[in-house]
K.L.:
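One structure coming up, written as structure tokens, with questions to follow.
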2 protein chains.
Amino acid sequence: MNIGTAAERSGLPAKTLRYYETIDLVQPLRADNGYRDYSEDDLHCLKFVGRARSLGFSIEECRVLLSLYRDQNRSSGEVKSLALHKVTEIEKKIGQLQDMKKMLSKLAGECHGDNRPDCPILDEIAGEQA
Amino acid sequence: MNIGTAAERSGLPAKTLRYYETIDLVQPLRADNGYRDYSEDDLHCLKFVGRARSLGFSIEECRVLLSLYRDQNRSSGEVKSLALHKVTEIEKKIGQLQDMKKMLSKLAGECHGDNRPDCPILDEIAGEQA
DNA sequence: ATAAGGCTTCCAGTTAGGGGAAGGTCAAGG
DNA sequence: CCTTGACCTTCCCCTAACTGGAAGCCTTAT
């Protein structure tokens with residue numbers, strides 16, 4: 001199938017499909033006219049990658065997952081370990097964001113937020129109290 | 001002071017200070033020998049930016065915050081609104097990460113994680129059950 | 001005098017594509 | 001048969017916020 005159809009059916013932009021080809025992630029064949037010709041199997045891989053990306057895996061991680069997926073002899077332990085590692089990464093990121101949020105909420109709570117120029121948020125960012 | 005000292009005192013890499021100069025964020029004077037010469041005021045701005053960055057503000061947001069900080073006539077309402085907007089952005093991001101984590105944990109929990117090739121994680125990413 | 005270290009600029013690379021130009025191809029309609 | 005519009009191709013530049021490295025000047029100490 002042409003790239004437009006593959007894009008629609010995979011839910012990914014055509015630009016992304018071309019990009020995935022340049023980085024050797026999903027390589028469609030070419031038709032006689034030079035158009036990319038995606039097979040059902042290619043489409044399957046595209047969906048797989050799209051889903052893994054939405055779960056927070058990087059392209060390089062997707063490459064590993066894809067090769068594990070294709071390898072009938074892989075051990076599920078490998079995959080599980082990758083998934084759990086990603087979970088701890090995500091937890092760490094969540095923690096950082098929660099810290100930011102907490103501090104920002106606190107600062108906003110201390111700021112009267114009116115037309116007066118006095119602003120505890122800027123003061124604290126500036127570190128005048130630190 | 002030279003860039004090395006400013007870097008150390010601000011807690012930011014020298015490379016970052018040079019970068020901030022190229023994007024007109026913090027512009028030090030130059031000494032006769034061509035070296036950047038950071039004033040105490042410049043240093044203050046660098047620290048301010050570093051702190052705002054660590055709170056999740058983008059460079060462009062830092063630029064705004066900095067101009068608000070320098071503007072003695074600004075209203076604290078403007079700043080508070082920026083801060084609250086950032087809080088909702090952060091909350092959204094946290095939500096997304098929590099969704100990812102939930103799904104990944106569920107998948108990992110369903111995977112026995114041994115040497116057998118059968119792997120529910122890959123199966124579900126592949127969408128065989130979808 | 002020379003060596004070490006700090007400073008300068010510039011170039012290239014990072015992630016994961018997005019925007020858009022210039023041009024080839026295909027299918028339908030007149 | 002020709003044209004039009006949609007679709008496809010490659011190519012190059014752009015994003016954020018730096019980071020790394022090379023080549024070369026400046027300063028300081030020995």
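The model shown is predicted, which means the values in this text are computed figures rather than measured ones. Residue numbering restarts at 1 for every chain, and letters A, B, ... go by the order of the sequence lines.
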K.L.:
Grab the CD-P distance between B:Glu21 and C:dC7 for me, whole Å please.
P.N.:
14 Å
K.L.:
Is it true that A:Glu21 and A:Arg30 have a side-chain N and a carboxylate O under 4.0 angstrom from each other?
P.N.:
yes
K.L.:
Can you see if the side chain of A:Thr16 gets near the phosphate of C:dG18 - specifically, an N or O under 4.0 Å from OP1 or OP2?
P.N.:
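Result: yes.
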K.L.:
Report the C-alpha distance between B:Arg53 and B:Glu61 in whole Å, list the side-chain angles of each, state the deciding distance to 0.1 Å, and finish with yes or no for salt bridge (charged side-chain N to carboxylate O under 4.0 Å, His left out).
P.N.:
CA-CA 9 Å; B:Arg53 292 282 299 127; B:Glu61 287 165 334; over 6 Å; no
K.L.:
Under 3.5 Å, is there an N or O donor on one side and an acceptor on the other linking the side chain of B:Tyr35 and the base of C:dG6?
P.N.:
yes
K.L.:
In whole Å, I'd like the distance from the OH atom of B:Tyr20 to the C1' atom of D:dT19.
P.N.:
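Nearest whole value for this atom pair: 13 Å.
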K.L.:
Check this for me: B:Asp99, atom CG, are more than 12 non-hydrogen atoms of other residues, nucleotides or ligands nearer than 6.0 Å?
P.N.:
yes
K.L.:
Check the distance between C:dG17's C1' and A:Asp24's CG and give it to me in whole angstrom.
P.N.:
16 Å
K.L.:
B:Glu89 vs B:Lys92, test: salt bridge (charged side-chain N to carboxylate O under 4.0 Å, His left out). Steps then yes/no.
P.N.:
CA-CA 5 Å; B:Glu89 271 182 27; B:Lys92 195 170 151 194; over 6 Å; no
K.L.:
Nearest to the side chain of B:Ile3 - D:dT9, C:dG18, C:dC7?
P.N.:
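Closest nucleotide among those given: C:dC7.
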K.L.:
Please work out if B:Arg53 contacts a base, only the sugar-phosphate, or nothing of the nucleic acid, heavy-atom cut-off 4.0 Å.
P.N.:
sugar-phosphate
K.L.:
Could you check whether atom CD of A:Glu8 has more than 12 heavy atoms from other residues, nucleotides or ligands sitting under 6.0 Å from it?
P.N.:
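12 or below, so no.
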K.L.:
Atom CG of B:Leu12 and atom P of D:dA17: how far apart are they, to the nearest Å?
P.N.:
14 Å
K.L.:
Please tell me which of the listed nucleotides, D:dT10, C:dG18, C:dC10, lies nearest to the side chain of B:Lys15?
P.N.:
C:dC10
K.L.:
Measure the distance from CG on B:Leu17 to P on D:dC18 and round it to the nearest whole Å.
P.N.:
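One finds 11 Å between P of D:dC18 and CG of B:Leu17, rounded.
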K.L.:
Are any of A:Arg18's side-chain N or O atoms less than 4.0 Å away from OP1 or OP2 of D:dT9?
P.N.:
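So the side chain of A:Arg18 is within the cut-off, an N or O lying under 4.0 Å from OP1 or OP2 of D:dT9.
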K.L.:
Round to the nearest Å and state the distance from A:Ile23 atom CD1 to C:dG13 atom C1'.
P.N.:
16 Å
K.L.:
Please tell me if A:Arg30 has a side-chain N or O lying less than 4.0 Å from either OP1 or OP2 of D:dT10.
P.N.:
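Indeed, a polar side-chain atom of A:Arg30 lies that close.
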K.L.:
Does A:Asn33 place a side-chain N or O at less than 4.0 Å from the phosphate oxygens OP1/OP2 of C:dC26?
P.N.:
yes
K.L.:
So, is B:Arg36 close to the C:dC7 phosphate, meaning a side-chain N or O under 4.0 Å from OP1 or OP2?
P.N.:
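Negative; the distance criterion is not met.
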K.L.:
Round to a whole Å and report the spacing from CD of A:Glu61 to P of C:dT15.
P.N.:
12 Å
K.L.:
To the nearest Å, how far apart are B:Glu89 CD and D:dA16 P?
P.N.:
14 Å
K.L.:
Given that A:Tyr19 and A:Asp32 both sit by DNA chain C, which one's nearest nucleotide is further toward the 5' end?
P.N.:
A:Tyr19
